[in-house]
Protein chains: 2
Amino acid sequence: MATIKDVAKELGISVSTVSRALNNHPDIKEQTKKEILEVIKRLNYTPNALARGLIHKKTNTIGLMIPDIADPFFSEIANGVEEVLTEVGYQVVYGNTMRNPDKEKLFLSSAKERQMDGLIVTPNFMDEKLLEQFQRLQIPVVFLRRRSPEGLAAPFVDVDHYKGACMAMEHLIGLGHRHIGFIGMPELSFLAELRYQGYVDTMHAHGLTPNPNAITRGGRTIAHGREAMSRICEQNKDLTAIFAANDLLAIGALEWLAIQGIPVPEKMSVVGFDNLEVASLHWIKLTTIAQPRKQMGEEAARIIDRMIREETYQAQSVFFEPELIQRNTCREV
Amino acid sequence: MATIKDVAKELGISVSTVSRALNNHPDIKEQTKKEILEVIKRLNYTPNALARGLIHKKTNTIGLMIPDIADPFFSEIANGVEEVLTEVGYQVVYGNTMRNPDKEKLFLSSAKERQMDGLIVTPNFMDEKLLEQFQRLQIPVVFLRRRSPEGLAAPFVDVDHYKGACMAMEHLIGLGHRHIGFIGMPELSFLAELRYQGYVDTMHAHGLTPNPNAITRGGRTIAHGREAMSRICEQNKDLTAIFAANDLLAIGALEWLAIQGIPVPEKMSVVGFDNLEVASLHWIKLTTIAQPRKQMGEEAARIIDRMIREETYQAQSVFFEPELIQRNTCREV
DNA sequence: CTGAAAGCGCTTACAG
DNA sequence: CTGAAAGCGCTTACAG
């Protein structure tokens, strides 16, 4: 590949001058600049971003560490992030961790080695080693869709998962439901815990007792929802409603109910969480809790951008409000 | 951030020695190495990948340029790519182009500036400027889910879209359908054209004439499918089947049919293309053409890796076979 | 307006 | 086994 030296040599001038032409420096003769630009084109020269980055101590790169880009939840967040960040000249590097702790650690090391300017992260589970890595990072970080861990002065952008779960439960209880089951995500997950707590606390707040037989935890897929629904239904004949901790689980539950011929919402009410696109499909029309996913991504991007530009900026965390989206899977009893 | 100089100074030794410890060079005393490693840990030192890249002329970075990471089609491809590439030590940088020609060009420039080692790309529409950019790139490229353009000696990994479309049509015609509509994607798209050709050619091959009123082109979303189905149905009372150029369009069509109370497959048969997850949902069970998406991503990754490692490697293009997945949206007439 | 020199943070022959 | 020096491709004071 051609370097700045090649184009300088070609014209018998110094690299400083070529550099000036490249960077639109005012101290350069129009004619010289024109000649340089021509040679650049002819030699197919492109400035080397590594060399530039080394000098400027800036790479214009932001890392986005998320559990699974194929999860529609995160791909929309990612789009929000990317949209605002490319607008201001950054390239975003995705780190797909598949919720694998080793991959999370690997991505953080890589981010540091590669001198990324900032990081937007959704770690799945925060153990001590990961926390230490964050503390040693020396790169601005914002947490996305989860709160920042204790002992780390990083802002976060999140939705109030606990409140969202409470809203779902209040809706069900408000409709007269008393026997409400819960299909949850794996316990070690941060937000699985919050949504579960919302379920339990709201039950208690209304003098209801969560029935351990009507609670299942441990998955996040449609297949899991199907299985969980079948298990719960068989053990709880008096159940009239289900709160699923995410939409995929809810859809799995709906599938099982449809296959069994149990009509929704006549015999069973279902509420999900996330408001994925698929939830609004004609056959599903799931009542669920919406999070402004794209907005969350955009906000995180804006914060990291500002943190990088203003070293003294004390970023505030942002809580987005969840919203109940009423569709056709609930009825009054 | 600490540099190699800092750790050298700390121990009163030269940077060369520190570098040797870092790179597991054999010519170094065990004791010295141990001391260096300790200081590295204490100073929280991480080698600077930019500096390394500058010297080695390698960044261990691969660009993946795709139209839309939130499109489940591409997110699965992306996962396949990432899986094999991270395994061999690369970081993959996504370029979400949203089918915007400017973004495609921007990403290619960026890739060159950043000295990416290789590129896997799915450009949406290949105009002259883009082609020229590819020709000037000087970076190994493999095309994914579309063929490489003429005038560029780059391999591709693709599925035979034309054949897939023919398979869908043969299935329908084999079931006795004669009046078959087509819901297509925007005409400028590369594969939209191929799938459309498959529709037209198969009709002709069976002595059938495609009816312009039963053909619609121009979208790729569920909303579009809904609208297209309504338009086609209103103008073609004798229609018994629809071939939709992708699953989202097919699902939109199914939605409209469901809303109108037109039973599928009793009154209307529908075939899609892509075999998205959502196509197998209990309420949809769409008959469609499957492409081995993840495998395609993996294969592209393997090819680019080998192209980078072996300069003389003459990569062969790979065609994956499409497959008809029969579910519940077609019947014999 | 232009060039020579130093430096960004590292690696790698070369000499000892 | 260790260090001094050159160099990767650029930018940026500084001098002229």
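Below, read A as the first sequence line, B as the second, and so on, with proteins coming before strands; counting in each chain starts at 1.
A straight line from CZ of A/R114 to P of C/dC10 spans 15 Å, rounded to a whole angstrom. Separating the CD1 atom of A/I36 from the C1' atom of C/dT2 is a distance of 10 Å, rounded to the nearest angstrom. One interatomic measurement links the two molecules: CG of B/N24 to P of D/dC1, which rounds to 15 Å at whole-angstrom precision. Residue B/I4 contributes atom CD1, which lies 12 Å from atom P of D/dG3 at whole-angstrom precision. Here D/dC10 presents its P atom at 11 Å from CG of A/N23, a figure rounded to the nearest Å. D/dG9 atom C1' lies 7 Å from atom OH of A/Y45, rounded to whole Å. The separation between A/E30 atom CD and C/dT2 atom P is 11 Å, rounded to whole Å. We find that CG of A/L11 is positioned 13 Å from C1' of C/dT2, with the value rounded to whole Å.
The 12-atom threshold is exceeded at NZ of A/K58, counting heavy atoms of other residues, nucleotides or ligands nearer than 6.0 Å.
For D/dG3, one of the phosphate oxygens OP1 or OP2 lies less than 4.0 angstrom from a side-chain nitrogen or oxygen of B/S14. Within the 4.0 Å cut-off from OP1 or OP2 of D/dT2, at least one side-chain nitrogen or oxygen of B/T32 is found. In this model, the phosphate group of C/dG3 is approached by a side-chain N or O of A/T17 to a distance below 4.0 Å at OP1 or OP2. Between C/dG9 and A/K57, a contact under 4.0 Å exists linking OP1 or OP2 to a side-chain N or O. Within the 4.0 Å cut-off from OP1 or OP2 of C/dC1, not a single side-chain nitrogen or oxygen of A/K33 is found. For A/S16 and D/dT12, the shortest distance from a side-chain N or O to OP1 or OP2 is not below 4.0 Å. One finds a side-chain N or O of A/R52 lying less than 4.0 angstrom from the OP1 or OP2 phosphate oxygen of D/dT11. Contact annotation: A/H25 side-chain N/O to D/dT12 OP1/OP2 distance is not under 4.0 Å.
Within the nucleic acid shown, B/I55 comes within 4.0 Å of at least one base atom, counting heavy atoms only. At a threshold of 4.0 angstrom between heavy atoms, the contacts of A/N48 are confined to the sugar-phosphate backbone, with no base atom among them. As judged by a 4.0 angstrom heavy-atom cut-off over every strand, A/L50 is placed among residues making no nucleic acid contact. Nucleic acid contact class of B/S19 (heavy atoms, under 4.0 Å, all strands): base.
With salt bridges taken as basic N to acidic carboxylate O contacts below 4.0 Å, one links B/R302 and B/E298.
Taking CG of A/L85 as the start and CD1 of A/I304 as the end, the distance is 8.5 Å to the nearest 0.5 Å.
Looking only at atom types and distance, the side chain of A/E35 has a donor-acceptor partner in the side chain of A/Q31 under 3.5 Å away.
Classification of the B/F319-B/F156 ring pair by plane angle, with boundaries at 30° and 60°, yields perpendicular.
Between A/A301 and A/V84, the shortest heavy-atom contact is CB-CG2, 3.3 Å.
In this structure, B/T122 contributes its side chain and B/I66 its backbone to no donor-acceptor pair below 3.5 Å.
When each of B/K29 and A/K5 is assigned the nucleotide of DNA chain D with its nearest heavy atom, B/K29 is the one assigned upstream, toward the 5' end.
Considering A/E76, A/E82, A/E83 in turn, A/E83 is the only one that fulfils the salt bridge (charged side-chain N to carboxylate O under 4.0 Å, His left out) rule with A/K294.
Side-chain atoms of A/P47 lie closest to D/dC10 of the nucleotides C/dT11, C/dG9, D/dC10. Distances from the side chain of B/R20 to the nucleotides D/dC10, C/dC8, D/dG3 place D/dG3 closest.
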In dot-bracket, 5' to 3', how would DNA chain D read with Watson-Crick or G-U wobble pairs under 3.5 Å, [ ] for crossing ones and | for pairs to another strand? |||.||||||||.|||
